[in-house]
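Heads up, the thing below is written out as structure tokens.
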Amino acid sequence: MADPKGFLTTGREVAQTRPVGERVKDWNEVYVPGSLLPIISKQAGRCMDCGIPFCHNGCPLGNLIPEWNDYAYREDWSAASERLHATNNFPEFTGRLCPAPCESACVLGINQPAVTIKNVEVSIIDKAWDSGDVTPQPPERLSGKTVAVIGSGPAGLAAAQQLTRAGHTVAVYERADRIGGLLRYGIPEFKMEKSHINRRIEQMRAEGTKFRTETEIGRDIDAAKLRRRYDAVVIAAGATVSRDLPVPGRELNGVHFAMEYLPLANKVQEGDLTVSPITAEGKHVVVIGGGDTGADCVGTAHRQGALSVTQLEIMPRPGEDRNTNQPWPTFPMLYKVTSAHEEGGERVYSVSTTRFEGDEDGNVQALHLVEVEFKDGKLEQKPGTERSIPAQLVTLAMGFTGTDQANGLVQQFGLELDERGNVARDADYATNVRGVFVAGDAGRGQSLIVWAIAEGRSAARGVDRFLTGASALPAPIRPTDRALMV
């Protein structure tokens, strides 16, 4: 156990953020560099070493949280890194981007602020990189089997790394010009600097994984031909079809999907563009959708110099405390203030967009909305609450509906879909096509990064067993597992 009295004597402290006025002028991560290390050992000491650590159940990776908390408390950073990597290929990603369902399931969180598990995690991995504890782990021998991984997001990268380390020859295909999927172009730099992705890619290259960018399976390479070329295929193409808003005026200039807007901002940071062709500079910006992607649009608009930023959400404003119908250790729906929200803007709840209004040149100028409320389990408009707000840039961040079928990948493979439009799979993550597996959002539907990595690891085990007849790779979750929610 760490500090037997830590949870009684030490209060919760989280990562310190840079002043708003400073950070909105750049695209660096919002946290003060190095601010966690002076406090993190005591924070790790708040772990109670519970008889039943429910944080394991909250985390789909099954992270060994009490173990690496103990090592972090004792400042044995090498041992902490080993325990962290035992269940998670990319803790620097989850430590920055995961909403930490483990903390919602923390036993201490029943009646006190939970352990800062996410901050401990990112401190361990950042220390491990700085001290040289993260090194390539190439296989001792090759199996002679080949695997193609379609998609280089967290699920695809996790599957590829696991299979490479198992001795298979793995090639990752990515339709974008750089590896990383939504980690690269969907996550703004201020949430995770892309240097964290780059060094993992170099580690994987040193282990033997091959990468093929600007290659879209279904368009550039026929999926059936790819299947014949490799002994197995893992589809980790994500759920990239954005949910649209079919209201009058949707066709106006200035109304864009979030995944049209955010990647261009990231390309500016990569040096590909001087200025984004879709910019918030000098504009009234409206973000439709109250989730994390919407918050990413808010923070991006601030840095581009928006005149105003308004975020709309059709659901009511969540409370700041758990509802009685969301008891511990389930993941509660709480009012969350992200770093982007700290930087300004207005958040409006229980409203629905009715139409967009444009000028004579076809550019959006205003958004019309109406308040809504639940009646008999259905959302209904409240008469007399219609109004308009200025909008010269609108981003649609309402989630995703499934994997891309327009590129021909699903049809060319001959894949079966489930009732939700995701690629169907069995207990080993195998599709109806022999030798073709699916992991991540393409099979699960839109989900969290921690679920994607867990699925990539589990699918790798299914592929390894298919290729060799048995597997020693871990499989943290089943395809049917779901988050602790009610």
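Just so it is clear, the values below take in all heavy atoms, side chains as well, and ignore hydrogens, waters and symmetry mates.
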Atom SG in Cys98, atom CD1 in Ile453: separation rounded to 0.5 Å?
8.5 Å

The test is side-chain hydrogen bond (donor to acceptor under 3.5 Å, both in side chains); show your working for Thr87 and Asn63 and say whether it passes.
CA-CA 6 Å; Thr87 56; Asn63 279 337; 2.5 Å; yes

Between Tyr185 and Arg178, a side-chain donor and acceptor under 3.5 Å
yes

Indicate the atoms forming the closest heavy-atom contact of Ala258 with Thr293, along with that distance.
CB-CG2, 3.7 Å

Pick out which of Arg457, Arg461, His168 makes a side chain to side chain contact (heavy atoms under 4.5 Å, CB included) with Gln162.
Arg457

From Ile449 CD1 over to Asp441 CG, what is the distance, rounded to the nearest 0.5 angstrom?
10.5 Å

Counting neighbours of NZ on Lys194 that are heavy atoms of other residues, nucleotides or ligands and sit closer than 6.0 Å, is the number greater than 12?
yes

Look at the rings of Phe190 and Trp27 and say which category their plane angle falls in: under 30° parallel, 30 to 60° tilted, over 60° perpendicular.
tilted

Apply side-chain hydrogen bond (donor to acceptor under 3.5 Å, both in side chains) to Ser458 and list each qualifying residue two or more places apart in sequence or on a separate chain.
none

Do you know which two heavy atoms are closest between Glu455 and Ile477, and how far apart they sit?
CG-CD1, 3.6 Å

Between Glu174 and Arg184, is there a side-chain N and carboxylate O pair less than 4.0 Å apart?
no

For the residue pair Ser152 and Gly180, what are the closest heavy atoms and their distance?
OG-N, 2.8 Å

Shortest non-hydrogen pair, Asn69 vs Ala44, comes out as O-CB, 3.3 Å

SG (Cys55) and CD1 (Ile117) are apart, to the nearest 0.5 Å, by 5.0 Å

Tell me whether Lys267 at atom NZ has more than 12 heavy atoms from other residues, nucleotides or ligands lying less than 6.0 Å away.
yes

Side-chain donor/acceptor of Thr10 to backbone N/O of Phe7, under 3.5 Å
no

Rounded to the nearest 0.5 Å, what separates atom OH in Tyr429 from atom CZ in Arg444?
6.5 Å

Set out, in order, the CA-CA distance, both residues' side-chain angles and the distance that settles side-chain hydrogen bond (donor to acceptor under 3.5 Å, both in side chains) for Asn88 and Thr94, then state yes or no.
CA-CA 9 Å; Asn88 188 351; Thr94 53; 3.0 Å; yes

Can you spot which of Arg12, Met48, Arg46 makes a side chain to side chain contact (heavy atoms under 4.5 Å, CB included) with Gln112?
Arg46

Hey, does Lys127 have a side-chain heavy atom less than 4.5 Å from the side chain of Asp133?
no

Electrostatic pair Glu189:Arg303 at N-O distance under 4.0 angstrom:
no

Donor-acceptor side-chain pairing of Gln137 and His85 below 3.5 angstrom:
no

Heavy atoms only: give me the nearest Pro91-Arg200 pair and the separation to one decimal.
CD-NH2, 3.8 Å

Inter-residue atom distance Ile65.CD1 - Leu84.CG, 0.5 Å rounding:
9.5 Å

For Glu281, does the CD atom have more than 12 heavy-atom neighbours from other residues, nucleotides or ligands under 6.0 Å away?
no

What is the distance from atom CZ of Phe257 to atom CZ of Arg243, rounded to the nearest 0.5 Å?
10.5 Å

Salt bridge (charged side-chain N to carboxylate O under 4.0 Å, His left out) for Asp126 and Arg96? Distances and angles first, verdict last.
CA-CA 11 Å; Asp126 285 355; Arg96 286 172 168 84; 2.9 Å; yes

Can you establish whether the number of heavy atoms outside Arg317 located under 6.0 Å from its atom CZ is more than 12?
yes

For residues Pro99 and Leu448, report the shortest heavy-atom separation together with the two atoms involved.
CG-CD1, 3.6 Å

So, are Asp220 and Arg175 salt-bridged, with charged N and O less than 4.0 Å apart?
no

